[in-house]
Undergrad: 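Let me give you the structure first, and then I'll get to my questions.
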Amino acid sequence: MSLTVRGISYVTGETGADTVRADMRAIRDELHCTTVMLIGTDVAAQTEAARIALEAGLDVYVRPYLTDRPRAELHAHLAETGAAAEKLRAAYPGRVTLLVGTEFSLTQRGMLPGPRVFVRLQVLVRWRRFFDRRITRKLRPLLADALATARGVFDGPITYGAGYWEDVDWTDFDVVGVNYYRMGTDTAAYERGLDARRRTAEEQGKPLVVTEFGCGAHVGAERRGPGSFRIVQWFADKPKVRKGHVRDEGTQAAYLTELIDLYAEHGIHGCFVFTFAMRDFPHAPDDPRHDLDMAGFGVVRFAEGETERWEKKEAYGAVAARYGADA
């Protein structure tokens, strides 16, 4: 069974319109994507990127991103994003989907200890099981309020990018969305989890979309999955890769290939590779200790200080091959 949504995510607000336009052409023509997920905090920049993508023939998932802000600001930002998305939906019927957010238990305060996302992430990785009940208790009313805000301004399909650890009531959403990275060595457990989520979606008559998956470009990244970035010492004077880690683009390419094939085989509605570009993870081929790209998730790489001109990684070709075969 083929994937209906063949997607990749793209962070907006980092470049000008001409670069976005060129990137969307590459996403459409070379990666063979049907859909792009636009992640952004600046509503105007995100809306402009969405219009460019739609004009290029790509469907769009609009994902607002706002961290560590009071709930009133979160809802105001969602309302502004949703209203802008509604204008696009009216102009391009059936081609715009809105996310109310992603991984609220991590990106918003109050469910995990810590004043910032990075601190809460460390808690999540090490001690999440002690907070599962608290997360569920506080997440559900936040999601209900966010959904009400979105419904008030947007008339199209709505979803949420749930963390794999989050227990979400999908009753009032249109699409079941989960950020589902494979990590560790038990691939069978990952498949079982995928099938369980697919059954949950099917029981409610809703499609399942994997809203994020990916890994870094280094040996062992396939086991780290979302934790690939942790090979970097971020608080050094200049962030540097910890000793012993070796760049290997083939690892990332194989990971993405295997999971795209798995989603197609298991009848998943769609998926979004994370991500097209990570401009703040520069590639330093002659300086492995500062080759942050090996810890990043982009399928393209950038030289230090570059934000527009990119080079294809092996993962780029892997995604193009799989999505192209499924077209």
Undergrad: Rounded to the nearest 0.5 Å, what separation is found between the OG1 atom of Thr47 and the CG atom of Asp42?
TA: 8.5 Å
Undergrad: Can you tell whether the side chains of Arg129 and Asp132 come within less than 4.0 Å, N to carboxylate O?
TA: no
Undergrad: Ignoring hydrogens and geometry beyond distance, is a side-chain donor-acceptor pair present between Asp59 and Thr34 at under 3.5 Å?
TA: no
Undergrad: Please tabulate, one pair per line, all N/O donor-acceptor pairs under 3.5 Å involving side-chain atoms of residues 232-246, not counting sequence neighbours.
TA:
from	atom 1	to	atom 2	distance (Å)
Trp234	NE1	Phe229	O	3.1
Arg242	NE	Arg230	O	3.3

Undergrad: Enter the distance from Leu88:CG to Arg51:CZ here, rounded to the nearest 0.5 Å.
TA: 5.0 Å
Undergrad: Salt bridge or not between Glu73 and Arg71? Use side-chain N to carboxylate O under 4.0 Å.
TA: no
Undergrad: Quick one, Thr15 and Val20 - any side-chain contact, counting heavy atoms below 4.5 Å?
TA: yes
Undergrad: Under 3.5 Å, is there a donor-acceptor pair between the side chain of Lys206 and the main chain of Thr171?
TA: yes
Undergrad: State, without any angle test, whether Tyr180 and Glu212 hold a side-chain donor-acceptor pair at a distance under 3.5 Å.
TA: no
Undergrad: One pair to check against side chain to side chain contact (heavy atoms under 4.5 Å, CB included): Val96 and Leu54. What are the steps and the verdict?
TA: CA-CA 9 Å; Val96 180; Leu54 289 161; 4.0 Å; yes
Undergrad: Determine yes or no for a side-chain-to-main-chain donor-acceptor pair under 3.5 angstrom, with Arg116 supplying the side chain and Asp68 the backbone.
TA: no
Undergrad: Are any of the side-chain nitrogens in Glu306 or Arg309 under 4.0 Å away from the carboxylate oxygens of its partner?
TA: yes
Undergrad: Would you check, one step at a time, whether the test side-chain hydrogen bond (donor to acceptor under 3.5 Å, both in side chains) holds for Tyr10 with Asp23?
TA: CA-CA 9 Å; Tyr10 186 94; Asp23 289 348; 2.6 Å; yes
Undergrad: Could you tell me whether Glu86 and Arg89 have a side-chain N and a carboxylate O separated by less than 4.0 Å?
TA: yes
Undergrad: Mind running side chain to side chain contact (heavy atoms under 4.5 Å, CB included) on Leu143 and Val168 for me, showing each step along the way?
TA: CA-CA 8 Å; Leu143 279 176; Val168 175; 3.8 Å; yes
Undergrad: Evaluate the ring pair (Phe, Tyr, Trp, His ring centres under 6.0 Å) criterion for residues Trp127 and Phe130: first the C-alpha distance (whole Å), next the side-chain angles of each, then the deciding distance (0.1 Å), finally the verdict.
TA: CA-CA 6 Å; Trp127 303 295; Phe130 297 113; 8.2 Å; no
Undergrad: Can a side-chain donor-acceptor contact be found between Asn179 and Glu103 if the only test is distance below 3.5 angstrom?
TA: yes
Undergrad: Should the pair Tyr316 and Trp310 be assigned to parallel (<30°), tilted (30 to 60°) or perpendicular (>60°) ring geometry?
TA: tilted
Undergrad: Looking only at atom types and distance, does a side-chain atom of Gln46 sit under 3.5 Å from a main-chain N or O of Leu38, one as donor and one as acceptor?
TA: yes
Undergrad: Ion pair present between Glu55 and Arg21, side-chain N to carboxylate O less than 4.0 angstrom?
TA: no
Undergrad: Is there a side-chain contact between His269 and Leu3 (heavy atoms, below 4.5 Å)?
TA: no
Undergrad: Is any NZ, NE, NH1 or NH2 atom of the basic residue among Glu202 and Arg198 found under 4.0 Å from an Asp or Glu carboxylate oxygen of the other?
TA: yes
Undergrad: Going by the ring pair (Phe, Tyr, Trp, His ring centres under 6.0 Å) test, name the single residue among Phe276, Phe281, Phe274, Phe213 that passes it with Phe297.
TA: Phe274
Undergrad: With a 4.0 Å cut-off on N to O distance, would you call Arg140 and Asp167 a salt bridge?
TA: yes
Undergrad: What is the distance from atom NE2 of His75 to atom CZ of Arg69, rounded to the nearest 0.5 Å?
TA: 14.5 Å
Undergrad: Do Asp195 and His266 have side-chain atoms, one donor and one acceptor, less than 3.5 Å apart?
TA: yes
Undergrad: Given the rule in the side chain to side chain contact (heavy atoms under 4.5 Å, CB included) test, do Val273 and Tyr323 qualify, once you have shown the distances and angles that lead to the verdict?
TA: CA-CA 11 Å; Val273 172; Tyr323 280 173; 3.7 Å; yes
Undergrad: Looking only at heavy atoms, which two atoms of Val36 and Phe272 are closest? And how far apart?
TA: C-CE2, 3.9 Å
Undergrad: Side chains of Tyr160 and Glu166: do they bring a donor and an acceptor to under 3.5 Å?
TA: yes
Undergrad: Between Glu30 and Lys312, is there a side-chain N and carboxylate O pair less than 4.0 Å apart?
TA: yes
Undergrad: Is Lys313 salt-bridged to Glu249, going by a charged N under 4.0 Å from an acidic O?
TA: no
Undergrad: Taking atom types as modelled, find out whether Arg322 and His32 have a side-chain donor-acceptor pair closer than 3.5 angstrom.
TA: no
Undergrad: Examine distances only and state if a side-chain atom of Arg109 and a backbone atom of Pro115 form a donor-acceptor pair shorter than 3.5 Å.
TA: yes
Undergrad: Which heavy atom in Leu112 sits nearest to a heavy atom in Ser105, and how many Å separate them?
TA: CD1-O, 3.5 Å
